Amino acid sequence: MKHLSERTFHPDPIEQFRRWFKGAERARVPEPNAMTLATNAHRRRPSARMVLLKGVDQRGFQFFTNYESRKGRELAANPQAALVFYWREVNRQVRVIGRVSKLPAAESDTYFATRPRRSRIAAVASRQSSVIASRAALEARYAAIAAKYPDGAAPRPINWGGYGVHPDEIEFWQHGPDRLHDRLRYRKSRGHWVLERLSP
């Protein structure tokens, strides 16, 4: 594998991410859109979990979840997050840091309508991150929601929708021999992206 070169990297980190993402898809990386999302409410312990990237554009990286989940509550208290993509098959990872905001309701409605019927029902049935009495209780609530919407047209819950992570830092990492990894970081400075190399 060739070393990363600043000369071949695109000036726009979003476009560079798209190139790497397509490369991961071509390499048949399982679920290349899987990413770790790390959040941290004020002066509390950080938390992290896996979510799925559902879109990327000049606004940033988009994902969907329950606003009342732990991550939703933490983002409400501190709208900053970090993302990590790790593609072992191609020896690469991407790190993203930035502020977070909710996507417009219309975008959340549009995406929710594309979800499979059972996923839409589950989103309505689940009080994500809250303590429940048992698996049986969860399945009973799911069955009740499914009976209420036999055609599967469950509406998007108002507490469920999308977020966008608006990056101010994106790092591209590639494995190197003898642990001399390549690390190229885009950092936003006065509205412009600065590309710099980091020591491994």
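Since the model is a prediction, treat every value here as computed from it, not as a measurement.
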Participant: Quick one: does any side-chain atom of S108 pair with a main-chain N or O of G161 as donor and acceptor, under 3.5 Å?
Facilitator: no

Participant: Side-chain heavy atoms nearer than 4.5 Å, only ILVMFWY residues, links allowed to pass through others: does that put V100 and V56 together?
Facilitator: yes

Participant: Provide the closest heavy-atom pair for A34 versus L52 in the form atom of the first, atom of the second, distance.
Facilitator: CA-CD2, 3.8 Å

Participant: Less than 4.5 Å apart, any side-chain heavy atom of Q58 and any of I14?
Facilitator: yes

Participant: Please confirm whether the backbone N or O of R115 pairs with a side-chain atom of S119, one donor and one acceptor, at under 3.5 Å?
Facilitator: no

Participant: Please find the pair of heavy atoms, one from Q128 and one from S69, that lie closest to each other, and give the distance.
Facilitator: OE1-CB, 3.1 Å

Participant: Between R99 and S101, do the side chains contain an N or O donor and an N or O acceptor separated by less than 3.5 Å?
Facilitator: no

Participant: Quick one: CG on N66 to CZ on R73, what's the gap to the nearest 0.5 Å?
Facilitator: 9.0 Å

Participant: Please walk me through it: do V90 and R28 pass side chain to side chain contact (heavy atoms under 4.5 Å, CB included)?
Facilitator: CA-CA 10 Å; V90 292; R28 300 182 182 275; over 6 Å; no

Participant: May I ask whether I170 and L83 are part of the same hydrophobic cluster, defined by side-chain heavy atoms of I, L, V, M, F, W, Y residues being less than 4.5 angstrom apart, directly or through others?
Facilitator: yes

Participant: Between R127 and E68, does any side-chain N to carboxylate O distance fall below 4.0 Å?
Facilitator: no

Participant: Just do the side chain to side chain contact (heavy atoms under 4.5 Å, CB included) check on H10 and R19 with the steps written out, would you?
Facilitator: CA-CA 9 Å; H10 197 280; R19 293 179 179 183; 3.1 Å; yes

Participant: Under a plain distance cut-off of 3.5 Å, with no hydrogens placed, do Q80 and N40 share a side-chain donor-acceptor pair?
Facilitator: no

Participant: Just so I know, are the side chains of P11 and W193 near enough to count as touching, which here means a heavy-atom distance under 4.5 Å?
Facilitator: no

Participant: Would you say that K188 contacts E169 through its side chain, given a criterion of any heavy-atom pair below 4.5 Å between the two side chains?
Facilitator: no

Participant: Hey, could you give me the CZ/CG distance between R183 and L198, rounded to the nearest 0.5 Å?
Facilitator: 4.5 Å

Participant: Evaluate the side-chain proximity of T65 to F63: yes if any heavy-atom separation is below 4.5 Å, no if none is.
Facilitator: yes

Participant: Examine K54 relative to Y111 and say whether NZ or CZ is less than 6.0 Å from the centre of the six-membered ring and inside a 45° cone about the ring axis.
Facilitator: no

Participant: Taking the six-membered ring where the residue is Trp, are the ring centres of W160 and Y67 under 6.0 Å apart?
Facilitator: no

Participant: Over all heavy atoms of both residues, which pair between A48 and T36 is shortest? Give the atoms and the distance, please.
Facilitator: CB-CG2, 3.9 Å

Participant: Does F17 share a hydrophobic cluster with V84, counting links as ILVMFWY side-chain heavy atoms below 4.5 Å and allowing steps through other members?
Facilitator: no

Participant: Quick one: CG on L180 to NE2 on H175, what's the gap to the nearest 0.5 Å?
Facilitator: 9.5 Å

Participant: Run the salt-bridge test on R59 and E107 with the 4.0 Å N-O cut-off and return the result as yes or no.
Facilitator: yes

Participant: Is any side-chain heavy atom of P155 closer than 4.5 Å to a side-chain heavy atom of Y149?
Facilitator: yes

Participant: Heavy-atom count around I158 CD1 within 6.0 Å, excluding the residue itself: above 12?
Facilitator: no

Participant: I need the minimum non-hydrogen distance between Q93 and W20, along with the two atoms involved.
Facilitator: O-CZ3, 3.7 Å

Participant: Report whether Y86 and L184 are members of the same hydrophobic cluster (ILVMFWY, side-chain heavy atoms less than 4.5 Å apart, transitive linking).
Facilitator: no

Participant: Tell me the closest heavy-atom pair linking L37 and A81, and the distance in Å.
Facilitator: CD1-CB, 3.8 Å

Participant: As an exercise, state the distance from CG of N33 to CE of M50, rounded to the nearest 0.5 Å.
Facilitator: 9.5 Å

Participant: Answer yes or no: does atom CZ of R44 have more than 12 heavy-atom neighbours from other residues, nucleotides or ligands under 6.0 Å?
Facilitator: no

Participant: Count the heavy atoms of every other residue, nucleotide or ligand shown that sit under 6.0 Å from CZ of R118, and state whether that count exceeds 12.
Facilitator: no

Participant: What residues, two or more places apart in sequence or in another chain, satisfy side chain to side chain donor-acceptor pair (under 3.5 Å) together with R88?
Facilitator: none

Participant: Thinking salt bridges, do E74 and K71 make one under a 4.0 Å N-O criterion?
Facilitator: no

Participant: Taking the six-membered ring of W173 as reference, does the NZ or CZ atom of R92 fall below 6.0 Å from its centre and within a 45° cone about the axis?
Facilitator: no

Participant: Are the side chains of R179 and P200 in contact, using a 4.5 Å heavy-atom criterion?
Facilitator: no

Participant: Rounded to the nearest 0.5 Å, how far does CG of N159 lie from OG of S126?
Facilitator: 9.0 Å

Participant: If the threshold is 4.0 Å, N to carboxylate O, is there a salt bridge linking R185 and E196?
Facilitator: yes

Participant: Between F21 and F85, is the ring centre distance below 6.0 Å?
Facilitator: no

Participant: Is the F9 ring parallel, tilted or perpendicular to the Y186 ring (thresholds 30°, 60°)?
Facilitator: parallel

Participant: Any chain of hydrophobic side-chain contacts (each under 4.5 Å) joining F64 to L75?
Facilitator: no

Participant: How many angstroms lie between NE2 in H3 and CG in D182, if you round to the nearest 0.5 Å?
Facilitator: 6.5 Å

Participant: Indicate whether any N or O donor in one side chain lies under 3.5 Å from an N or O acceptor in the other, for T39 and R49.
Facilitator: yes

Participant: A122 and Y142: which non-hydrogen atoms are nearest, and at how many Å?
Facilitator: N-CE1, 3.7 Å

